*Asks:* 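The structure follows.
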Amino acid sequence: MTVLRVIDLSKAYGGVQAVCEVSFSLASGELVALIGPNGAGKTTCFNLLNGQIATDSGSAEFEGRSLIGLKPRQIWRLGVGRTFQITATFASMTVCENVQIALLNFHGRLNSLVSLAERLYVDEAIELLARVGIAEQAARPCAVLAYGDLKRVELAIALANRPRLLLMDEPTAGMAPQERVALMRLTAELARASAIAVLFTEHDMDVVFAHADRIIVLNRGRIIAEGKPTEVRANREVQKVYLGSGNLFGAEYA
């Protein structure tokens with residue numbers, strides 16, 4: 001089942017074409033990596049899909065409904081989750097409370113009295129934390145967590161609206177190599193078990209080639225390649241782009 005369909009999505013800033021006629025689709029349970037050199041347009045593409053910036057032209061449909069013109073909170077309520085490059089948890093609140101805030105929002109209870117709110121959706125929050133492997137840290141303040149665990153909290157928060165599409169902007173940024181592998185393996189397991197389509201950006205090519213079902217390569221706002229990891233790895237234009245920006249594929253991919 002096609003969850004996301006993007007056709008000719010475009011955005012310019014003055015004379016700079018940040019995203020130019022980008023088209024692709026995602027199916028339920030599929031993990032698709034959106035990669036490219038710095039400035040390729042990856043985050044701009046995410047922000048267009050998430051409603052944070054307005055498109056100049058083109059269309060984006062989630063389960064047949066247009067996302068164009070909707071605000072981020074409206075898109076979130078449709079079932080589109082998102083994580084960001086830099087974690088944005090409430091440091092002074094516990095891990096469980098951070099997830100509860102997202103659940104209160106999802107259930108329309110953000111205006112509940114504080115004394116009542118702190119008791120709402122505790123079990124649901126713990127269940128989400130168990131899904132990402134950190135239920136035992138539910139009572140700890142986010143301020144004391146290791147960075148890898150904060151990324152797992154963020155993933156639990158992103159799952160609070162029961163998404164069918166998850167946008168993950170550099171989910172492993174700042175993590176140690178082993179943590180990166182563990183987080184993306186977990187994401188892949190969750191996506192396939194719950195039929196969640198995942199679109200993620202990533203600079204670590206080991207993570208990309210190990211976990212992506214398909215890869216879309218952007219350069220200067222345009223798609224220059226798309227396909228399975230083996231196809232993209234062998235693409236001469238992709239190799240040229242990465243060789244010209246520091247060879248992110250490394251010697252084995254050149």
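Because the structure is a prediction, the values reported are computed rather than measured. Note that the numbering runs from 1 along the sequence shown for the chain.
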*Asks:* May I ask you to decide if Glu97's main-chain N or O and Thr94's side chain share a donor-acceptor pair within less than 3.5 Å?
*Replies:*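 Looks like yes, one N/O pair under 3.5 Å.
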*Asks:* Report yes or no: do Arg82 and Asn47 form a side-chain donor-acceptor pair below 3.5 Å?
*Replies:*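 Asn47 and Arg82 do have a side-chain donor-acceptor pair below 3.5 Å.
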*Asks:* Counting N and O atoms only, with roles assigned by atom type, does the side chain of Asp56 sit under 3.5 Å from a partner on the main chain of Ala12, one being a donor and the other an acceptor?
*Replies:*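 Yes: the side chain of Asp56 pairs with the backbone of Ala12.
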*Asks:* Does the ring of Phe62 carry Arg164 above it, NZ/CZ under 6.0 angstrom from centre and within 45° of its axis?
*Replies:*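 No, a cation-pi geometry is absent between Arg164 and Phe62.
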*Asks:* Distance-only, no hydrogens or angles: does the Glu202 side chain make a donor-acceptor pair with backbone N or O of Ala33 under 3.5 Å?
*Replies:*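 Checked: no pair found.
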*Asks:* When you group the ILVMFWY residues by side-chain heavy-atom contacts below 4.5 Å and let the links chain together, are Val22 and Tyr13 in the same group?
*Replies:*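 Looking at the clustering, Val22 is in the same group as Tyr13.
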*Asks:* State plainly whether one hydrophobic cluster holds both Leu78 and Val3, where clusters connect Ile, Leu, Val, Met, Phe, Trp and Tyr through side-chain heavy atoms under 4.5 angstrom apart.
*Replies:*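 Cluster IDs for Leu78 and Val3 match.
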*Asks:* Please give me the minimum heavy-atom distance between Ser23 and Ile223, naming the atom from each residue.
*Replies:*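 So the two residues come closest at O-CD1, 3.3 Å.
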*Asks:* Checking Gln137 side chain against Ile134 main chain: does a donor-acceptor pair fall under 3.5 Å?
*Replies:*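 Checking the backbone N and O of Ile134 against the side chain of Gln137, no donor-acceptor pair under 3.5 Å is found.
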*Asks:* May I ask whether Ile196 and Phe106 are part of the same hydrophobic cluster, defined by side-chain heavy atoms of I, L, V, M, F, W, Y residues being less than 4.5 angstrom apart, directly or through others?
*Replies:*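 Unlinked, Ile196 and Phe106 end up in two clusters.
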*Asks:* In terms of side-chain heavy atoms, does Ser59 have a donor or acceptor partner in Arg5 at a distance below 3.5 Å?
*Replies:*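 On atom types as modelled, these side chains do not qualify, holding no pair under 3.5 Å.
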*Asks:* Grouping I, L, V, M, F, W and Y whenever their side-chain heavy atoms are under 4.5 Å apart, do Val208 and Val232 come out in a common cluster?
*Replies:*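 Val208 and Val232: one cluster.
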*Asks:* Can Glu124 and Arg162 be counted as an ion pair, charged N to O under 4.0 angstrom?
*Replies:*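 Salt bridge present between Glu124 and Arg162.
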*Asks:* Among side-chain atoms of Gln74 and Arg77, is any donor-acceptor pair under 3.5 angstrom?
*Replies:*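 The answer is no; no qualifying pair exists.
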*Asks:* Without swapping roles, check the side chain of Thr89 against the backbone of Ala91 for a donor-acceptor pair under 3.5 Å.
*Replies:*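 A pair under 3.5 Å: no.
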